[in-house]
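Notes for the one structure printed next.
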Number of protein chains: 2
Amino acid sequence: MTAGYDPYAFEPFAVTVDLAVFTVRGGALHVLLIRRGQQPYAGAWALPGGFVLPRESAETAARRELAEETGLSEQLVAALHLEQLRTYSEPDRDPRMRVVSVAFTALVPDLPEPAAEGGGDAAHARWLALDEVTELAFDHAVILADARERIGSKLEYTCLATGFCPPEFTLGELQSVYETVWNTALDRPNFRRKVLATPGFVEAVPGAARLTGGRGKPAALYRPGPATTLHPPLLRPEGSSR
Amino acid sequence: MTAGYDPYAFEPFAVTVDLAVFTVRGGALHVLLIRRGQQPYAGAWALPGGFVLPRESAETAARRELAEETGLSEQLVAALHLEQLRTYSEPDRDPRMRVVSVAFTALVPDLPEPAAEGGGDAAHARWLALDEVTELAFDHAVILADARERIGSKLEYTCLATGFCPPEFTLGELQSVYETVWNTALDRPNFRRKVLATPGFVEAVPGAARLTGGRGKPAALYRPGPATTLHPPLLRPEGSSR
DNA sequence: TACTTAATGGTCATGTTGACTATAAACAGG
DNA sequence: CCTGTTTATAGTCAACATGACCATTAAGTA
């Protein structure tokens, strides 16, 4: 085939998006899943997603589907950092027809159950801890594994971790994000030193210190800083993940 | 829209692949481009690529197109490490119709001009230095820039750089790969120390040392080692790239 | 033979990391 | 009200990695 696109030479495919949206809840990594209502894989859990419409980019479609299917607030969905993971295009990944799917990942702070928002498709959406997830529809188990791996390595050299935290957070919360995603224990003073030594990673909230909540000495509050990457990176210890 | 794929709800798209294949030649980063023969963008340079066929995955299509369009040897193409970059899906990226393109990157050692292989589409393929590249068809300039950035950061934490080198190479050649891609000068003894200290990055070729070629003391030859990632990474100096 | 070039072998000060100890500020319970 | 528990925060120290150099070796070349 030549450089040009010959309009007679292509077979039409369906193009969809799939989303692996993570949160940290109670020390465990959770992913947002929906229960399928129809064949194939009726009753199975699946990643939220759907068709890209004629005038949408994949990313636009991903935001729309996320809002429609999970009832996350419009505002949150619009502001969310969506990262394109990769595209899955094996010919038989959907038994009915040829479907090429662009997968995205996102991180959100701990949120109420999506169903709480009200009716519609969101009623079938739930957060599941990763080890509760067994059978997933289509090749979604592969997508989920790829997404988890991507998130883990992104934490090493980007400031992405703050995406799992509320707008103001303690260094302990930030550390537990790393520990949960990497499934490792980190030394608290060292973690603190590293984070504070990285310019722009976090910045102290002016006058505040969390008081009432937990036991123990109240922790200072921080906000995400302007930096997006970590130089040098915060590498996970040798045998982590999984 | 619900979790399921409703067969009546989707618009068919064309799905293509595009390839950004790099090599290092004469101290400059080169990319493999083809001259378009038809509208739109007739006469412009473009990344090699083409339609995904009904029974192909995107990666299979990428290998096929690369072999067809550039005349690189089947063997090389089959063994090549193809990395999926990302998918480009803006609605108007192709003026004629809705085309979603999955982009790949690859690295090859310095090779003869593709046209040398013989006829066909390969006749329109050429290696161009990155700063000779001006106008590219479609959104290929964006894809190329993304690919360059990806390659640059991949060099930091993977052993990918050996992919630019012939099967046996000197540390000087390896270093010049880094210097070319990052567009920075590196200290030779320090680079050497770092590479040799990373287990599995390179291994010495048993009895050999390059003699005749250049002036100066002959350099030892190395082969790629079994490692795929660099721990800790080999970070580029602050203000590099571009 | 002297000069140039590039590879290779070092040193040294600095910065970062991992392991660990110590102190401070809250709460819980008797 | 005192004591122990919990968590945050501060600091120390050795091992290691890095950047900036200098020195030596082994080729080709004038």
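In what follows, every chain begins at residue 1, and chains take the letters A, B, ... in the order their sequences are listed.
- Separating the CG atom of A/Leu186 from the C1' atom of C/dG18 is a distance of 11 Å, rounded to the nearest angstrom.
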| Stepwise side-chain hydrogen bond (donor to acceptor under 3.5 Å, both in side chains) test for B/Ser101 and B/Asp18 | CA-CA 7 Å; B/Ser101 187; B/Asp18 285 306; 2.6 Å; yes

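- D/dC13 atom C1' lies 14 Å from atom CG of A/Asp187, rounded to whole Å.
- Judged by the 6.0 Å and 45° rule, A/Arg86 forms a cation-pi pair with A/Tyr88.
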| message | Run A/Phe164 and A/Phe169 through ring-ring contact (aromatic ring centres under 6.0 Å, His included) and show every step you take. | response | CA-CA 10 Å; A/Phe164 276 119; A/Phe169 52 87; over 10 Å; no

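- A side chain to side chain contact (heavy atoms under 4.5 Å, CB included) with A/Phe22 is found for one member of A/Ile151, A/Thr180, A/Val181, A/Val108 and no other, namely A/Ile151.
- To the nearest angstrom, P of D/dA8 lies 14 Å from CZ of A/Phe169.
- Closest non-hydrogen pair, A/Glu203 versus A/Pro226, comes out as OE1-CD, 3.7 Å.
- With rounding to whole Å, A/Leu235 atom CG is found 13 Å from C/dG18 atom C1'.
- Residues A/Tyr222 and A/Phe201 place their aromatic rings such that the two centres sit no closer than 6.0 Å.
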What are the atom names and distances for every N/O pair under 3.5 Å that joins the protein to nucleotides 14-17 of chain C?
{"residue": "C/dT17", "atom": "OP1", "partner": "A/Lys194", "partner atom": "NZ", "Å": "3.1"}

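- Between A/Leu33 and A/Pro48, the closest heavy-atom pair is CA-CD, 4.4 Å.
- Helix bend of the helix from C/dT1-D/dA30 to C/dG30-D/dC1: the angle between its two end axes, each built from five pairs, comes to 0° after rounding to 10°.
- A donor-acceptor pair is defined here as one N or O able to donate and one able to accept, closer than 3.5 Å; no such pair exists between the side chain of A/Trp45 and the backbone of A/Ala137.
- Side-chain atoms of A/Glu65 never come within 3.5 Å of backbone atoms of A/Ala62 as a donor-acceptor pair (strictly under, hydrogens ignored).
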| message | Strictly under 4.0 angstrom, non-hydrogen atoms only: write out the protein contact profile of nucleotides 4-9 of chain C, one letter per nucleotide from the 5' end, B, S or -. | response | -BBBBB

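- Atom NE2 of B/His231 and atom P of D/dC16 are 18 Å apart (whole Å).
- Between B/Arg236 and B/Glu149 there is a salt bridge, since a side-chain N of the basic residue sits under 4.0 Å from a carboxylate O of the acidic one.
- Heavy atoms only, all atoms of each residue included: A/Leu47 and A/His140 are closest at N-ND1, 3.0 Å.
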